[in-house]
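A quick write-up on the structure given underneath.
When a residue number appears, it is its place in the shown sequence, counting from 1. Order of listing sets the numbers, starting from 1, for every ligand and every atom in it.
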Amino acid sequence: MNVTLNVFEELKGILKDEQVTMNETILQQHSKDESYHTPHTPDIVVYPESSAEVREIVKVADKHGVPIVPFGVGSSLEGHVIPYDKGITIDFTLMNKILEVREKDFLVKVQPGVTRMQLNKELKKYGLFFSVDPGADATLGGMAATNASGTTSVRYGVMRDQVRDLEVVLPDGEIIHTGNMAQKSSSGYNLNSLFVGSEGTLGCITELTLKVFGIPEHIVAGRASFPTVDDAVAAVVSTLQAGVPIARVELVDEISIRQTNLYNETTYEEQPTLFLEFHGNEPGLKHDVEFTKEIVADHGCKEIAFEEDNAARNKLWEARHTLAYAFIHGHPGRKQMVTDVCVPITELAGAIKHARNTMDELGLNGGLLGHVGDGNYHAIVMIDLNDEEELWKADRLNEDIVEYALARGGTCTGEHGVGIGKMKYQEREHGKALQVMEKIKLALDPKEIMNPHKLIHLKK
Ligand SMILES: Cc1cc2nc3c(=O)[nH]c(=O)nc-3n(C[C@H](O)[C@H](O)[C@H](O)COP(=O)(O)OP(=O)(O)OC[C@H]3O[C@@H](n4cnc5c(N)ncnc54)[C@H](O)[C@@H]3O)c2cc1C
């Protein structure tokens with residue numbers, strides 16, 4: 001019997017029949033993410049229901065030296081979940097329980113397959129919310145594994161800031177906890193931070209304890225349009241420098257607004273636009289809003305509209321959150337290539353201008369958008385995978401944008417992660433620190449079974 005069939009039989013001894021499959025359709029579903037990276041099927045897909053089952057699966061893989069790829073909903077954008085070395089994909093869909101809401105500690109314990117929207121629906125009953133909101137309804141396991149962020153990170157922080165503790169099944173089947181429930185700790189190395197962003201290369205996250213927040217008493221959202229992207233970015237920098245405690249500030253350029261209008265049937269002015277949100281109490285917010293109006297006016301803001309009504313606010317943020325899907329919908333048959341650099345805030349205007357010039361020079365038609373309050377922006381281009389010249393141009397754009405960011409103290413990925421797409425920049429970005437990462441990988445996963453050849457490539 002070959003190794004795969006052996007492994008399949010052993011897994012069937014641990015799991016129920018419906019939890020382990022080699023069905024071709026299911027293998028295909030686990031062969032890709034939401035990016036343009038080439039798909040590749042795993043040998044086997046498993047659906048564990050508990051940490052104990054994950055441990056048994058990992059032990060089988062360890063025994064046979066078979067690769068494991070953890071899988072949330074596959075919304076990542078750099079080929080993270082594509083099993084190029086085949087093996088077992090562990091799909092966490094069935095580990096989707098909210099285990100405990102510690103309302104007064106502002107903490108929640110969840111299994112990794114819980115999605116952010118599922119969690120927020122439950123937390124609403126307690127007057128709480130979970131702040132990190134990537135565009136997709138991703139799993140919390142996947143979001144921790146990629147150190148995801150979103151529109152509210154400028155105020156509440158990224159995924160790494162929310163994780164108090166993770167339960168992790170290591171590549172040899174040991175189960176550890178990386179933290180605790182205390183608000184702060186000076187005890188030991190910071191393993192929470194190590195495992196957050198490790199992209200399934202060091203172990204499987206089987207439980208998360210996360211920080212949550214009280215739903216703000218009052219929320220005001222707004223839309224401000226500007227003559228140029230430069231003016232919009234300068235307005236963001238001035239707002240942050242003035243100390244306005246803005247909760248969300250998102251840039252959407254004119255091309256992206258056009259896509260939004262087509263997809264969401266909105267009639268927003270097709271100009272570079274900032275989507276803004278303020279959280280707090282009513283008198284405080286009045287002051288913040290008035291101050292922001294003055295600042296944006298100084299930067300040539302042509303139109304600013306504020307919404308306090310829940311439905312109008314939701315419509316505004318739905319337009320922002322569905323932007324990637326608006327591009328996909330508007331370009332049938334094409335795949336999206338999204339860049340993801342993050343730069344110091346003072347370098348942002350130059351970085352965005354450089355990106356637009358490079359797109360124009362290459363003759364690529366795409367949009368610019370991003371979580372500009374964090375210095376993180378994306379260029380989205382829709383490419384025809386059969387057109388080699390277009391593929392080359394998209395790669396070239398990505399490279400130019402990354403080079404520009406790295407030369408100015410930025411990073412090749414602000415939130416999407418490394419996967420396979422950003423591996424080529426790791427040495428340039430981290431220098432000798434990359435060797436430290438390789439040593440950590442080697443110490444924890446010497447057989448390189450956990451999501452092999454992603455993020456780190458051990459030079460054997
Ligand atoms: C339309 C759209 C908009 C997006 N917007 C944003 C955004 O604003 N911000 C942002 O950060 N990202 C964004 N993303 C990217 C993506 O949603 C995030 O990277 C997200 O965190 C991935 O979660 P997932 O559940 O889909 O994980 P997957 O894609 O399934 O997996 C991602 C990585 O995590 C690992 N992993 C998954 N589960 C576990 C686990 N339990 N244990 C260990 N490793 C695990 C996988 O092996 C893989 O390496 C967007 C994607 C799309 C399609």
Side-chain angles (χ1 to χ4, degrees), residues 29-30 32-37 42 48 51 54 57-58 67-83 87-96 110-118 132-153 158-160 166-171 178 195-208 248 250 263 317 320-329 335-336 338 340 342 369-371 374 376-378 380 413-422 450-456:
Q29 284 164 2
H30 293 84
K32 53 185 187 284
D33 60 4
E34 294 273 352
S35 72
Y36 66 106
H37 295 292
S51 309
V54 175
I57 296 162
V58 170
I68 292 174
V69 178
F71 190 99
V73 291
S75 69
S76 40
L77 295 167
E78 288 295 352
H80 297 69
V81 291
I82 305 177
I88 306 167
T89 288
I90 304 185
D91 184 318
F92 284 96
T93 306
L94 300 181
M95 289 181 69
N96 66 348
V110 297
Q111 288 187 311
V114 172
T115 69
R116 67 175 183 87
M117 287 188 191
Q118 179 193 346
V132 186
D133 64 339
D137 188 19
T139 64
L140 292 157
M143 286 166 63
T146 54
N147 190 25
S149 57
T151 62
T152 63
S153 300
V158 301
M159 200 62 196
R160 191 166 265 135
L166 298 173
E167 181 186 81
V168 178
V169 177
L170 296 175
T178 58
F195 281 88
V196 174
S198 62
E199 302 185 1
T201 63
L202 298 179
C204 294
I205 299 166
T206 47
E207 193 182 297
L208 305 93
R248 290 168 146 170
E250 296 285 306
Y263 184 69
W317 287 108
R320 167 63 189 92
H321 270 131
T322 54
L323 201 40
Y325 295 112
F327 272 99
I328 294 168
H329 195 258
K335 286 293 240 180
Q336 62 174 325
V338 192
D340 177 41
C342 189
L369 58 138
H371 315 302
D374 302 322
N376 181 202
Y377 77 93
H378 311 295
I380 296 192
T413 169
E415 57 181 17
H416 295 163
V418 177
I420 50 160
K422 294 283 166 63
M450 288 304 309
N451 207 1
H453 312 310
K454 311 279 172 53
L455 179 64
I456 293 277

Does the side chain of [X] pick up a donor-acceptor pair with the side chain of [Y] at under 3.5 Å?
X    : Y    : answer
N451 : H80  : no
H321 : E250 : no
T146 : E199 : no

Describe, in one word, how the ring planes of H371 and H378 are oriented to each other, choosing from parallel (under 30°), tilted (30 to 60°) and perpendicular (over 60°).
->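 Geometry flag for H378 against H371: perpendicular rings.
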Protein residues having a heavy atom less than 4.0 Å from any atom of ligand 1 |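 Residue list for ligand 1: E34, P70, F71, G72, V73, G74, S75, S76, L77, H80, V81, F92, P112, P134, G135, A136, A138, T139, G141, G142, M143, A145, T146, A148, S149, E199, G200, G203, C204, I205, A324, Y325, H371, E415, H416, N451.
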Salt bridge or not for D133 and R320, using N-O below 4.0 Å?
->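 No, D133 and R320 are not salt-bridged.
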Has the side chain of D340 got a donor or acceptor atom that lies under 3.5 Å from a matching backbone atom of G414?
->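 Judged by distance alone, yes, a pair lies under 3.5 Å.
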